[in-house]
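Just below is one structure, and these are the notes that go with it.
Order of appearance sets the numbers: ligands from 1, and atoms from 1 within every ligand.
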Amino acid sequence: MKKILITGGLGFIGSHTVVELQNAGFDVVIIDDLSNSSVEVLDNIGKITGEKPEYYQIDLRIKEEVKDFFNKVNVDGIIHFAAFKAVGESVQKPLEYYENNIGALVYILQEMRDRNIDHFIFSSSCTVYGQADELPITEKAPIKPAESPYGNTKQIGEEIIRDTCKANDLNAIALRYFNPIGAHGSLEIGELPLGVPLNLVPYITETAVGIRKELMVFGDDYDTPDGTPIRDYVHVVDLAKAHVAALKRLIHKENKQNFEYFNIGTGKGNSVIEIIKAFEKTNNLKLNYRVADRREGDVTAAYADTTFANKELKWNTEKSLEEALKSAYEWQKKQTINVE
Ligand code: UFG
(Lines give C-alpha, C1' and ligand atoms only; values in the text may rest on other atoms or scores of the structure.)
Protein backbone atom coordinates (compact mmCIF):
# COMPACT_ATOMS: atom_id res chain seq x y z
CA MET A 1 0.00 0.00 0.00
CA LYS A 2 1.44 3.38 -1.02
CA LYS A 3 1.71 5.91 1.77
CA ILE A 4 0.89 9.47 0.77
CA LEU A 5 1.61 12.65 2.73
CA ILE A 6 -1.15 15.23 2.51
CA THR A 7 -0.03 18.65 3.74
CA GLY A 8 -2.98 20.83 4.69
CA GLY A 9 -5.00 17.64 4.91
CA LEU A 10 -7.45 19.09 7.43
CA GLY A 11 -8.45 21.97 5.16
CA PHE A 12 -11.37 22.19 2.76
CA ILE A 13 -9.90 20.53 -0.33
CA GLY A 14 -7.31 18.56 1.64
CA SER A 15 -9.85 16.76 3.85
CA HIS A 16 -12.01 15.76 0.88
CA THR A 17 -8.92 14.47 -0.89
CA VAL A 18 -7.87 12.43 2.15
CA VAL A 19 -11.27 10.70 2.06
CA GLU A 20 -10.99 9.91 -1.65
CA LEU A 21 -7.43 8.61 -1.23
CA GLN A 22 -8.48 6.32 1.62
CA ASN A 23 -11.45 5.14 -0.43
CA ALA A 24 -9.03 4.35 -3.27
CA GLY A 25 -6.89 2.21 -0.94
CA PHE A 26 -4.03 4.60 -0.13
CA ASP A 27 -2.46 4.89 3.28
CA VAL A 28 -2.53 8.55 4.29
CA VAL A 29 -0.54 10.74 6.66
CA ILE A 30 -1.58 14.33 7.26
CA ILE A 31 0.47 17.38 8.19
CA ASP A 32 -1.50 20.49 9.17
CA ASP A 33 -0.63 23.46 11.37
CA LEU A 34 -4.30 24.18 12.20
CA SER A 35 -3.86 27.79 11.06
CA ASN A 36 -7.08 27.56 9.04
CA SER A 37 -8.54 24.24 10.12
CA SER A 38 -9.69 22.25 13.10
CA VAL A 39 -8.32 19.01 14.53
CA GLU A 40 -11.90 17.66 14.77
CA VAL A 41 -11.77 17.18 11.01
CA LEU A 42 -9.60 14.12 11.72
CA ASP A 43 -12.42 12.38 13.59
CA ASN A 44 -14.91 13.42 10.92
CA ILE A 45 -12.75 11.89 8.20
CA GLY A 46 -12.64 8.74 10.34
CA LYS A 47 -16.43 8.69 10.54
CA ILE A 48 -16.64 8.66 6.75
CA THR A 49 -13.91 6.16 5.92
CA GLY A 50 -13.74 4.13 9.13
CA GLU A 51 -10.10 5.05 9.54
CA LYS A 52 -8.80 8.08 11.41
CA PRO A 53 -5.66 9.11 9.52
CA GLU A 54 -2.21 9.47 11.03
CA TYR A 55 -1.64 13.16 11.80
CA TYR A 56 1.23 15.51 12.69
CA GLN A 57 0.80 19.13 13.72
CA ILE A 58 3.81 20.68 12.01
CA ASP A 59 4.64 24.18 10.85
CA LEU A 60 6.20 23.64 7.44
CA ARG A 61 7.96 27.01 7.62
CA ILE A 62 10.33 25.50 10.17
CA LYS A 63 12.89 23.51 8.24
CA GLU A 64 13.93 21.36 11.22
CA GLU A 65 10.33 20.29 11.80
CA VAL A 66 10.04 19.26 8.16
CA LYS A 67 13.28 17.29 8.38
CA ASP A 68 12.25 15.61 11.66
CA PHE A 69 9.00 14.47 10.08
CA PHE A 70 10.74 12.87 7.11
CA ASN A 71 13.26 11.23 9.45
CA LYS A 72 10.35 9.56 11.23
CA VAL A 73 7.89 8.79 8.46
CA ASN A 74 8.49 7.18 5.08
CA VAL A 75 6.17 8.28 2.30
CA ASP A 76 5.86 7.34 -1.37
CA GLY A 77 4.34 10.60 -2.58
CA ILE A 78 3.13 14.01 -1.47
CA ILE A 79 0.07 16.12 -2.19
CA HIS A 80 0.85 19.64 -1.07
CA PHE A 81 -2.19 21.72 -0.11
CA ALA A 82 -0.82 23.62 2.87
CA ALA A 83 -0.83 27.30 1.97
CA PHE A 84 -2.42 30.64 2.78
CA LYS A 85 -5.18 31.43 0.30
CA ALA A 86 -6.82 34.79 0.95
CA VAL A 87 -6.18 37.01 -2.05
CA GLY A 88 -6.83 40.36 -0.28
CA GLU A 89 -4.81 39.42 2.81
CA SER A 90 -1.88 38.51 0.59
CA VAL A 91 -1.75 42.10 -0.65
CA GLN A 92 -1.44 43.30 2.96
CA LYS A 93 0.99 40.58 4.07
CA PRO A 94 3.07 39.56 1.06
CA LEU A 95 6.05 38.30 3.05
CA GLU A 96 3.91 35.98 5.18
CA TYR A 97 2.47 34.56 1.96
CA TYR A 98 5.87 34.09 0.33
CA GLU A 99 7.32 32.53 3.49
CA ASN A 100 4.47 30.06 3.93
CA ASN A 101 3.56 29.26 0.33
CA ILE A 102 7.08 29.29 -1.14
CA GLY A 103 9.32 28.50 1.86
CA ALA A 104 7.40 25.38 2.82
CA LEU A 105 7.29 24.20 -0.80
CA VAL A 106 11.08 24.49 -1.10
CA TYR A 107 11.69 22.58 2.15
CA ILE A 108 9.41 19.76 1.05
CA LEU A 109 11.00 19.51 -2.38
CA GLN A 110 14.47 19.43 -0.76
CA GLU A 111 13.41 16.49 1.39
CA MET A 112 11.95 14.75 -1.65
CA ARG A 113 15.21 15.21 -3.55
CA ASP A 114 17.39 14.06 -0.65
CA ARG A 115 15.25 10.98 0.02
CA ASN A 116 14.33 10.08 -3.56
CA ILE A 117 10.61 10.51 -2.99
CA ASP A 118 9.16 10.73 -6.45
CA HIS A 119 5.49 11.70 -6.81
CA PHE A 120 4.40 15.29 -6.12
CA ILE A 121 1.04 16.96 -6.65
CA PHE A 122 0.68 20.71 -6.22
CA SER A 123 -2.43 22.79 -5.55
CA SER A 124 -2.34 25.45 -8.20
CA SER A 125 -5.05 27.83 -9.32
CA CYS A 126 -6.77 29.19 -12.41
CA THR A 127 -5.64 32.54 -11.08
CA VAL A 128 -2.39 31.93 -13.00
CA TYR A 129 -4.30 32.74 -16.22
CA GLY A 130 -5.62 36.13 -15.03
CA GLN A 131 -8.25 37.35 -17.51
CA ALA A 132 -7.60 34.87 -20.29
CA ASP A 133 -7.98 36.12 -23.86
CA GLU A 134 -9.90 33.03 -24.92
CA LEU A 135 -12.64 31.06 -23.20
CA PRO A 136 -12.87 28.30 -22.20
CA ILE A 137 -9.31 28.38 -20.86
CA THR A 138 -6.97 25.64 -22.04
CA GLU A 139 -3.64 24.77 -20.45
CA LYS A 140 -1.96 26.43 -23.45
CA ALA A 141 -3.29 29.86 -22.39
CA PRO A 142 -0.44 32.16 -21.38
CA ILE A 143 0.31 32.82 -17.74
CA LYS A 144 -0.55 36.47 -17.01
CA PRO A 145 1.29 38.66 -14.48
CA ALA A 146 -0.16 37.83 -11.07
CA GLU A 147 -2.78 40.18 -9.63
CA SER A 148 -1.82 39.44 -6.03
CA PRO A 149 1.03 37.98 -3.96
CA TYR A 150 -1.20 34.92 -3.43
CA GLY A 151 -1.54 34.42 -7.19
CA ASN A 152 2.18 34.99 -7.55
CA THR A 153 2.94 32.22 -5.05
CA LYS A 154 1.03 29.79 -7.29
CA GLN A 155 2.94 30.93 -10.40
CA ILE A 156 6.32 30.87 -8.64
CA GLY A 157 5.40 27.54 -7.04
CA GLU A 158 4.83 25.99 -10.46
CA GLU A 159 8.16 27.41 -11.71
CA ILE A 160 10.03 26.04 -8.70
CA ILE A 161 8.54 22.60 -9.32
CA ARG A 162 9.33 22.77 -13.05
CA ASP A 163 12.98 23.64 -12.34
CA THR A 164 13.22 20.93 -9.69
CA CYS A 165 11.78 18.31 -12.04
CA LYS A 166 14.34 19.32 -14.65
CA ALA A 167 17.29 19.08 -12.28
CA ASN A 168 16.24 16.05 -10.24
CA ASP A 169 14.47 12.80 -10.81
CA LEU A 170 11.07 14.11 -9.73
CA ASN A 171 7.68 13.67 -11.37
CA ALA A 172 5.07 16.26 -10.52
CA ILE A 173 1.62 17.41 -11.50
CA ALA A 174 0.10 20.82 -10.77
CA LEU A 175 -3.68 20.95 -10.65
CA ARG A 176 -5.06 24.36 -11.53
CA TYR A 177 -8.31 24.54 -9.63
CA PHE A 178 -11.20 26.66 -10.75
CA ASN A 179 -13.77 27.42 -7.98
CA PRO A 180 -14.28 24.53 -5.55
CA ILE A 181 -17.61 24.52 -3.69
CA GLY A 182 -19.90 22.10 -1.84
CA ALA A 183 -19.39 19.59 0.93
CA HIS A 184 -19.06 15.84 1.35
CA GLY A 185 -22.37 13.97 0.97
CA SER A 186 -22.04 12.62 4.53
CA LEU A 187 -21.95 16.25 5.79
CA GLU A 188 -19.07 15.24 8.05
CA ILE A 189 -16.61 17.57 6.27
CA GLY A 190 -17.01 20.82 4.33
CA GLU A 191 -15.74 24.37 4.08
CA LEU A 192 -15.06 26.15 7.38
CA PRO A 193 -14.14 29.76 6.64
CA LEU A 194 -12.66 31.75 9.52
CA GLY A 195 -14.62 34.93 10.15
CA VAL A 196 -16.40 36.69 7.30
CA PRO A 197 -16.29 34.49 4.20
CA LEU A 198 -14.46 35.93 1.22
CA ASN A 199 -15.83 33.49 -1.34
CA LEU A 200 -19.24 33.53 -2.92
CA VAL A 201 -20.79 30.23 -1.87
CA PRO A 202 -19.84 30.33 1.83
CA TYR A 203 -21.16 33.91 1.94
CA ILE A 204 -24.39 32.73 0.33
CA THR A 205 -24.84 29.87 2.79
CA GLU A 206 -24.12 32.10 5.80
CA THR A 207 -26.66 34.60 4.48
CA ALA A 208 -29.19 31.83 3.97
CA VAL A 209 -28.95 30.75 7.63
CA GLY A 210 -28.97 34.33 8.90
CA ILE A 211 -25.34 34.69 10.05
CA ARG A 212 -24.94 37.44 7.44
CA LYS A 213 -27.71 39.94 6.81
CA GLU A 214 -27.18 40.46 3.13
CA LEU A 215 -25.08 39.17 0.28
CA MET A 216 -23.30 41.77 -1.86
CA VAL A 217 -23.02 41.06 -5.55
CA PHE A 218 -19.71 42.69 -6.45
CA GLY A 219 -20.63 44.51 -9.66
CA ASP A 220 -23.23 43.91 -12.37
CA ASP A 221 -21.61 45.99 -15.08
CA TYR A 222 -19.21 43.35 -16.41
CA ASP A 223 -19.22 42.35 -20.05
CA THR A 224 -21.29 39.18 -19.47
CA PRO A 225 -24.93 38.40 -20.36
CA ASP A 226 -26.30 39.48 -16.93
CA GLY A 227 -23.40 41.79 -16.05
CA THR A 228 -22.02 39.64 -13.20
CA PRO A 229 -18.70 37.74 -13.41
CA ILE A 230 -18.57 34.16 -14.62
CA ARG A 231 -16.69 31.34 -12.88
CA ASP A 232 -16.40 27.58 -13.12
CA TYR A 233 -17.81 26.12 -9.86
CA VAL A 234 -16.65 22.55 -9.30
CA HIS A 235 -17.88 20.18 -6.58
CA VAL A 236 -15.08 19.65 -4.07
CA VAL A 237 -15.60 15.85 -4.15
CA ASP A 238 -15.02 15.83 -7.92
CA LEU A 239 -11.99 18.04 -7.42
CA ALA A 240 -10.69 15.69 -4.72
CA LYS A 241 -10.99 12.73 -7.10
CA ALA A 242 -8.79 14.55 -9.63
CA HIS A 243 -5.94 14.21 -7.10
CA VAL A 244 -6.40 10.46 -6.95
CA ALA A 245 -6.35 10.33 -10.76
CA ALA A 246 -3.21 12.48 -10.90
CA LEU A 247 -1.47 10.37 -8.27
CA LYS A 248 -2.28 7.14 -10.12
CA ARG A 249 -0.92 8.67 -13.33
CA LEU A 250 2.40 9.31 -11.61
CA ILE A 251 2.53 5.96 -9.83
CA HIS A 252 1.77 4.07 -13.07
CA LYS A 253 4.30 6.25 -14.91
CA GLU A 254 1.67 7.36 -17.41
CA ASN A 255 2.82 10.96 -17.34
CA LYS A 256 4.22 12.26 -20.64
CA GLN A 257 6.53 14.84 -19.06
CA ASN A 258 8.04 14.98 -15.63
CA PHE A 259 6.14 18.18 -14.90
CA GLU A 260 2.54 18.42 -16.10
CA TYR A 261 -0.35 20.72 -15.27
CA PHE A 262 -4.09 20.33 -15.69
CA ASN A 263 -7.18 22.49 -15.42
CA ILE A 264 -9.65 21.12 -12.90
CA GLY A 265 -13.14 22.50 -13.37
CA THR A 266 -16.45 21.50 -14.89
CA GLY A 267 -16.01 23.27 -18.21
CA LYS A 268 -19.16 25.30 -17.56
CA GLY A 269 -19.31 28.93 -16.54
CA ASN A 270 -21.98 30.44 -14.29
CA SER A 271 -22.50 34.07 -13.35
CA VAL A 272 -22.91 35.24 -9.77
CA ILE A 273 -26.61 35.87 -10.40
CA GLU A 274 -26.99 32.37 -11.89
CA ILE A 275 -25.41 30.89 -8.77
CA ILE A 276 -27.77 32.88 -6.54
CA LYS A 277 -30.80 31.77 -8.58
CA ALA A 278 -29.67 28.14 -8.65
CA PHE A 279 -29.07 28.21 -4.88
CA GLU A 280 -32.53 29.66 -4.25
CA LYS A 281 -34.23 27.14 -6.50
CA THR A 282 -32.34 24.08 -5.26
CA ASN A 283 -32.82 24.92 -1.60
CA ASN A 284 -36.27 26.43 -1.98
CA LEU A 285 -35.56 29.77 -0.33
CA LYS A 286 -35.00 33.45 -1.09
CA LEU A 287 -31.63 35.10 -0.52
CA ASN A 288 -31.30 38.66 0.64
CA TYR A 289 -28.86 40.27 -1.79
CA ARG A 290 -28.05 43.54 -3.47
CA VAL A 291 -25.65 44.78 -6.08
CA ALA A 292 -22.62 46.63 -4.75
CA ASP A 293 -19.43 48.01 -6.29
CA ARG A 294 -16.98 45.79 -8.09
CA ARG A 295 -14.38 44.03 -5.97
CA GLU A 296 -10.80 44.89 -6.87
CA GLY A 297 -8.90 42.24 -8.80
CA ASP A 298 -11.93 40.24 -10.05
CA VAL A 299 -11.71 39.04 -13.64
CA THR A 300 -14.79 39.10 -15.90
CA ALA A 301 -14.91 35.43 -16.78
CA ALA A 302 -12.92 32.25 -16.15
CA TYR A 303 -14.00 28.72 -16.97
CA ALA A 304 -11.99 25.68 -17.90
CA ASP A 305 -11.50 23.68 -21.01
CA THR A 306 -11.17 20.31 -19.29
CA THR A 307 -10.46 18.21 -22.39
CA PHE A 308 -6.85 17.58 -21.39
CA ALA A 309 -7.71 16.47 -17.85
CA ASN A 310 -10.63 14.33 -19.09
CA LYS A 311 -8.43 12.51 -21.57
CA GLU A 312 -5.10 12.26 -19.80
CA LEU A 313 -6.22 11.84 -16.19
CA LYS A 314 -9.26 9.81 -17.22
CA TRP A 315 -11.18 12.08 -14.88
CA ASN A 316 -14.58 13.67 -15.31
CA THR A 317 -16.85 15.58 -12.99
CA GLU A 318 -19.81 13.53 -11.80
CA LYS A 319 -21.70 15.96 -9.61
CA SER A 320 -24.02 18.77 -10.66
CA LEU A 321 -24.00 22.40 -9.62
CA GLU A 322 -27.29 21.74 -7.81
CA GLU A 323 -25.74 18.91 -5.77
CA ALA A 324 -22.88 21.20 -4.83
CA LEU A 325 -25.18 24.03 -3.76
CA LYS A 326 -27.45 21.67 -1.85
CA SER A 327 -24.60 20.06 0.06
CA ALA A 328 -23.09 23.49 0.81
CA TYR A 329 -26.38 24.60 2.37
CA GLU A 330 -26.95 21.35 4.31
CA TRP A 331 -23.40 21.56 5.65
CA GLN A 332 -23.93 25.17 6.69
CA LYS A 333 -27.14 24.30 8.51
CA LYS A 334 -25.36 21.54 10.37
CA GLN A 335 -22.58 23.91 11.51
CA THR A 336 -25.14 26.46 12.65
CA ILE A 337 -26.97 23.87 14.75
CA ASN A 338 -23.66 22.90 16.33
CA VAL A 339 -22.93 26.52 17.21
CA GLU A 340 -26.31 27.06 18.91
N1 UFG B 1 -18.62 37.50 -5.09
C2 UFG B 1 -19.68 38.32 -4.77
N3 UFG B 1 -19.98 38.50 -3.45
C4 UFG B 1 -19.27 37.89 -2.45
C5 UFG B 1 -18.19 37.04 -2.79
C6 UFG B 1 -17.90 36.87 -4.13
O7 UFG B 1 -20.34 38.89 -5.65
O8 UFG B 1 -19.58 38.11 -1.28
C9 UFG B 1 -18.31 37.27 -6.51
C10 UFG B 1 -16.92 37.70 -6.89
O11 UFG B 1 -16.92 39.09 -7.20
C12 UFG B 1 -16.64 36.82 -8.09
C13 UFG B 1 -17.40 35.53 -7.77
O14 UFG B 1 -18.36 35.90 -6.77
O15 UFG B 1 -17.19 37.40 -9.24
C16 UFG B 1 -16.54 34.43 -7.23
O17 UFG B 1 -15.77 34.94 -6.16
P18 UFG B 1 -14.98 33.98 -5.15
O19 UFG B 1 -14.29 34.87 -4.16
O20 UFG B 1 -15.87 32.93 -4.64
O21 UFG B 1 -13.94 33.27 -6.10
P22 UFG B 1 -12.79 33.91 -6.99
O23 UFG B 1 -13.05 33.44 -8.37
O24 UFG B 1 -12.60 35.34 -6.79
O25 UFG B 1 -11.53 33.28 -6.28
C26 UFG B 1 -11.25 31.93 -6.30
C27 UFG B 1 -10.44 31.55 -5.05
C28 UFG B 1 -9.11 32.21 -5.05
C29 UFG B 1 -8.43 32.01 -6.35
C30 UFG B 1 -9.31 32.41 -7.49
C31 UFG B 1 -8.70 32.11 -8.81
O32 UFG B 1 -11.13 31.93 -3.88
O33 UFG B 1 -8.34 31.66 -4.02
O34 UFG B 1 -10.52 31.68 -7.42
O35 UFG B 1 -8.10 30.88 -8.75
F36 UFG B 1 -7.30 32.78 -6.44
Looking only at heavy atoms, is any part of [X] under 4.0 Å from ligand 1, and if so is it the side chain, the backbone, or both, or is it neither?
X      : answer
Val201 : neither
Tyr233 : side chain
Met216 : backbone

Please tell me whether Ser123 and Tyr177 have a donor and an acceptor in their side chains that are separated by less than 3.5 angstrom.
yes

Can you see whether Thr164 engages Asn168 through a side-chain donor-acceptor pair at a distance of less than 3.5 angstrom?
no

Say whether Thr127, considering both its backbone and side-chain N or O atoms, lies within less than 3.5 Å of an N or O atom on ligand 1.
yes

Honestly, is Lys154 close enough over Phe122, meaning NZ or CZ under 6.0 Å from the six-membered ring centre and within 45° of the axis?
yes

So which heavy atom in the protein is nearest [atom], and how far is it from that ligand atom?
atom                    : result
atom 10 (C) of ligand 1 : Asp298 OD2, 3.4 Å
atom 35 (O) of ligand 1 : Ser125 OG, 2.3 Å
atom 26 (C) of ligand 1 : Asn179 ND2, 3.8 Å

Hey, what's the ring geometry for [X] with [Y], parallel, tilted or perpendicular (30° and 60° as the breaks)?
X      : Y      : answer
Tyr329 : Phe279 : perpendicular
Phe84  : Tyr97  : tilted
His16  : His184 : tilted

With a 4.0 Å cut-off on heavy atoms, is Tyr289 touching ligand 1?
no

Suppose I only count heavy atoms of Val272 and a 4.0 Å limit; which atoms of ligand 1 are within that range?
7 (O), 9 (C), 13 (C), 14 (O), 15 (O)

Could you name the option among Leu215, Ile273, Val128, Asn199 that has the heavy atom nearest to atom 27 (C) of ligand 1?
Asn199

As a check for students: among Tyr150, Phe178, Phe218, identify the option with a heavy atom nearest to atom 8 (O) of ligand 1.
Phe218

